[in-house]
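In each ligand, atom 1 is the first atom listed, and ligand 1 is the first ligand listed. The chain is numbered in sequence order, starting from 1.
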Amino acid sequence: MTTYSQKILDRSIDPATHDMLEHAEKTGMTTIWDRFEAQQPQCGFGELGLCCRNCAMGPCRISPFDEVGPKRGVCGATADIIVARFLDRMIAAGAAAHSDHGRDIAHTLLMTAQGKTSGYQIKDEKKLAGLAAEFGVPTEGRTKEEIAEDVAKMAYEQFGQQEGALKFTQRAPEKRQALWKALNITPRGIDREVVENMHRTHIGVDNDAVNLILHGMRTSLADGWGGSMVATELSDVLFGTPTPRRSAVNLGVLKADEVNIIVHGHEPTLSELIVAASQDPEILALAQKYGAKGINVGGICCTGNEVLMRQGVPSVGNFLQQELAIMTGAVEAMIVDVQCVLPSLGSVAGCFHTKLISTSPKAKFPGATHMEFHEEHGYEIACDIVRAAVENYRFRKPGQVHIPDVQTECMVGFSVEAIVGALGGSLTPLIEAIAKKQIRGIAAVVGCNNPRVQHDYGHVNLVKELIKRDILVVTTGCNAIACAKVGLLLPEGAEMAGEGLKAVCNALGIPPVLHMGSCVDNSRILVTCAAVANALGVDISDLPVAAAAPEWMSEKAVAIGTYAVASGVYTVLGVVPPVLGGPAVTDLLVKGAEGVVGGKFGVESDPFKAADLIEAHINAKRTGLGLP
Ligand code: SF4
Ligand code: MSK
């Protein structure tokens with residue numbers, strides 16, 4: 001067995017990552033962990049959320065100490081105002097990212113319906129019919145394209161809507177909708193809430209920390225029940241609603257004798273076509289001409305999750321592994337779209353034959369070749385990109401190839417529809433299992449990696465602890481890949497669960513941890529919660545459910561956590577958000593919010609203690625429902 005240095009072991013719990021970190025060290029390459037180390041100590045004001053650059057009278061910083069230093073910014077803003085404004089801006093950025101993704105999918109659906117795209121088709125007519133009913137779009141005697149055109153236009157309108165409530169908020173229990181209305185936090189239009197958030201946080205506008213946080217919640221709801229839900233639903237219409245399937249994860253899915261292409265970022269629009277283009281006989285023949293046995297597509301981050309759950313495309317790894325994937329020397333092309341793509345990738349790729357190919361007009365990267373993607377010629381562009389990767393195979397340097405022999409099988413693709421299917425057609429068996437305490441409750445464990453946390457340690461240990469306690473886990477994003485790496489996404493993973501959950505999993509042939517997709521697919525979790533609450537005639541905040549993001553890092557995660565809380569879900573963060581400098585804001589988030597929206601944040605970096613917090617919360621909710 002290989003023994004690694006303590007430094008390497010401290011950085012990750014994943015053997016493939018250990019292998020690559022050692023390889024990086026030996027070959028003199030730096031990684032995200034090295035840059036994190038070089039940043040230490042990080043700014044204490046920033047960590048507490050106590051610096052403000054919102055106008056040119058600043059930057060201002062507030063002293064966290066009682067005796068010394070300024071207590072107000074130049075304009076007079078207090079610590080709580082500064083903290084609340086900054087938190088709101090993080091939420092706005094996160095909501096914007098998810099929602100702009102949703103807008104792009106609506107655009108693709110609209111163009112496909114109008115016959116203006118190449119390579120796309122409407123794959124899930126049942127889902128389309130459901131959405132048509134929800135949006136009041138007539139279906140009688142109409143083609144799927146006609147219906148899809150209207151649905152896409154209705155979805156588009158959700159972004160620019162000025163008044164009323166976002167359509168999908170009607171999926172929430174009536175009590176929840178009434179609460180949002182009473183608090184005046186019902187999201188009206190997706191773009192409107194993001195814009196108003198930026199307005200309120202401009203110097204001299206909203207200077208009441210509570211009022212700011214309430215609007216932050218409204219903005220986040222425009223993400224969860226708006227932009228993200230649009231992204232999920234319309235992706236299902238275009239690419240098919242995920243169904244359970246087997247695949248594999250980790251760096252070992254790269255193949256030494258094939259052209260390796262990695263799709264990375266967040267959107268399924270291009271990656272779906274890359275998968276199709278990689279099976280094109282003419283391009284396959286070209287790969288063989290250059291001596292490759294085939295074309296192997298793998299994913300990273302949420303683009304990876306999208307094609308993993310719909311096409312069974314293996315995942316090469318999660319967020320912290322993106323540089324390591326290129327360092328294997330076996331990647332002909334890494335194709336990136338938007339979000340979570342490190343700006344360092346170009347310089348890593350520059351040390352190898354790897355082509356870094358940027359594709360979104362919104363996102364260019366140093367050292368990347370830009371092959372801009374447009375749906376009108378989607379399939380042709382996908383073929384050009386795959387061809388460029390194949391052409392690059394002959395420049396691979398065999399001496400540079402180093403692929404860790406580590407991969408794990410997994411079962412993915414548990415959309416709400418697939419869960420209902422696995423349960424025999426309704427959520428009733430799940431509700432009964434919860435009532436009988438076979439399953440104590442449900443926890444959504446999601447989110448990124450962050451070099452502040454030993455890679456995958458928070459994810460894997462929290463999830464293992466929860467299933468041991470008969471808490472069913474649903475997962476998305478980088479947590480899903482962390483879980484997959486240790487076998488938690490296999491039906492056999494039920495062996496790691498408590499007796500009750502194990503029995504349910506064995507009876508249904510499902511894993512104890514259900515992969516529900518990418519980060520926008522956290523909206524699937526909201527839909528599941530709403531469906532269970534509606535079936536029981538209660539609010540989401542009454543359910544024995546909780547959420548956690550043990551290793552989060554992105555602004556999108558802040559938006560997700562906030563919409564979970566604003567939807568009534570207790571949410572435990574493993575990384576402290578930059579709010580501790582504002583005592584009133586912190587108090588509101590971890591205590592007061594519960595009395596207002598029925599959900600609140602917890603912060604706990606130790607995954608075992610986080611499991612205790614979640615279990616205690618679930619037990620309290622069970623008692624509230626009169627369950628054993
Ligand atoms: Fe300073 Fe106020 Fe300007 Fe922020 S908005 S930089 S606290 S003067
Ligand atoms: S956000 S979960 S780093 S992909 Fe999808 Fe990015 Fe992973 Fe967070």
* Just checking, is any N or O donor in the side chain of Thr475 or His515 under 3.5 Å from an acceptor N or O on the other one? -> no
* Would Asp88 and Arg218 pass as an ion pair if we require N to O under 4.0 Å? -> no
* To do: Answer yes when Asp236 and Arg310 have at least one side-chain N-carboxylate O distance shorter than 4.0 Å, and no when they do not.
  => yes
* Asked: Taking only heavy atoms of Phe319, which atoms of ligand 2 are found under 4.0 Å from at least one of them?
  -> 3 (S)
* Nearest protein heavy-atom contact for atom 1 (S) of ligand 2: which residue, which atom, what distance? -> Lys556 NZ, 3.2 Å
* Asked: By number and element, which atoms of ligand 1 are closer than 4.0 Å to a non-hydrogen atom of Gly58?
  -> 6 (S)
* ligand 2 atoms in contact with Met553 (distance to a heavy atom under 4.0 Å) -> 3 (S)
* Considering only non-hydrogen protein atoms, determine which one is nearest to atom 3 (Fe) of ligand 1 and report residue, atom name and distance to 0.1 Å. => Cys55 SG, 2.3 Å
* To do: Just jot down the ligand 2 atoms closer than 4.0 angstrom to any heavy atom of Cys519, in number order.
  => 1 (S), 2 (S), 5 (Fe)
* Without hydrogens or angle criteria, can the side chains of Thr108 and Thr269 be said to hold a donor-acceptor pair below 3.5 Å? -> no
* To do: With heavy atoms of His266 as the reference, note each atom of ligand 2 found under 4.0 Å away.
  => 1 (S), 4 (S), 5 (Fe), 6 (Fe)
* Structure fact -> Note: Arg85, heavy atoms under 4.0 Å from ligand 1, region reported as side chain
* Structure fact -> For Cys302, the atoms of ligand 2 under 4.0 Å from one of its heavy atoms are 4 (S), 5 (Fe)
* Would you tell me whether Gln321 and Asn449 have side-chain atoms, one donor and one acceptor, within less than 3.5 Å of each other? => no
* Structure fact -> Numbered in order shown, the ligand 2 atoms found under 4.0 Å of a heavy atom of Gly447 are 2 (S)
* Structure fact -> Among non-hydrogen protein atoms, atom 7 (Fe) of ligand 2 lies closest to Cys478 SG, 2.2 Å
* Atoms in ligand 1 with a heavy atom of Cys52 nearer than 4.0 Å -> 4 (Fe), 5 (S), 6 (S), 7 (S)
* **Closest protein heavy atom (residue, atom, distance) for atom 2 (Fe) of ligand 1** => Cys75 SG, 2.3 Å
* **Within reach of ligand 2, part of Cys340 (heavy-atom separation under 4.0 Å)** => side chain
* Going by atom types only, do Asp521 and Thr232 share a side-chain donor-acceptor pair under 3.5 Å? -> yes
* **Side chains of Gln40 and Gln42, donor plus acceptor under 3.5 Å** => yes
* Can you tell me if Lys485 and His459 form a side-chain donor-acceptor pair at under 3.5 Å? -> no
* **Between Ser344 and Glu323, a side-chain donor and acceptor under 3.5 Å** => yes
* Asked: Just checking, any donor-acceptor pair under 3.5 angstrom between side chains of Ser360 and Asp337?
  -> no
* **Top protein contact for atom 8 (Fe) of ligand 2, by heavy-atom distance** => Cys448 SG, 2.4 Å
* For Cys60, counting its heavy atoms only, list the atoms of ligand 1 lying under 4.0 Å from any of them. => 1 (Fe), 6 (S), 7 (S), 8 (S)
* **Any N, O or S atom of Cys301 closer than 2.8 Å to atom 5 (Fe) of ligand 2** => no
* Any idea which part of Gln339 is under 4.0 Å from ligand 2, heavy-atom wise: side chain, backbone, both or neither? -> neither
* Test log, rule side chain to side chain contact (heavy atoms under 4.5 Å, CB included), inputs Met516 and Val416 -> CA-CA 8 Å; Met516 293 191 84; Val416 184; 4.1 Å; yes
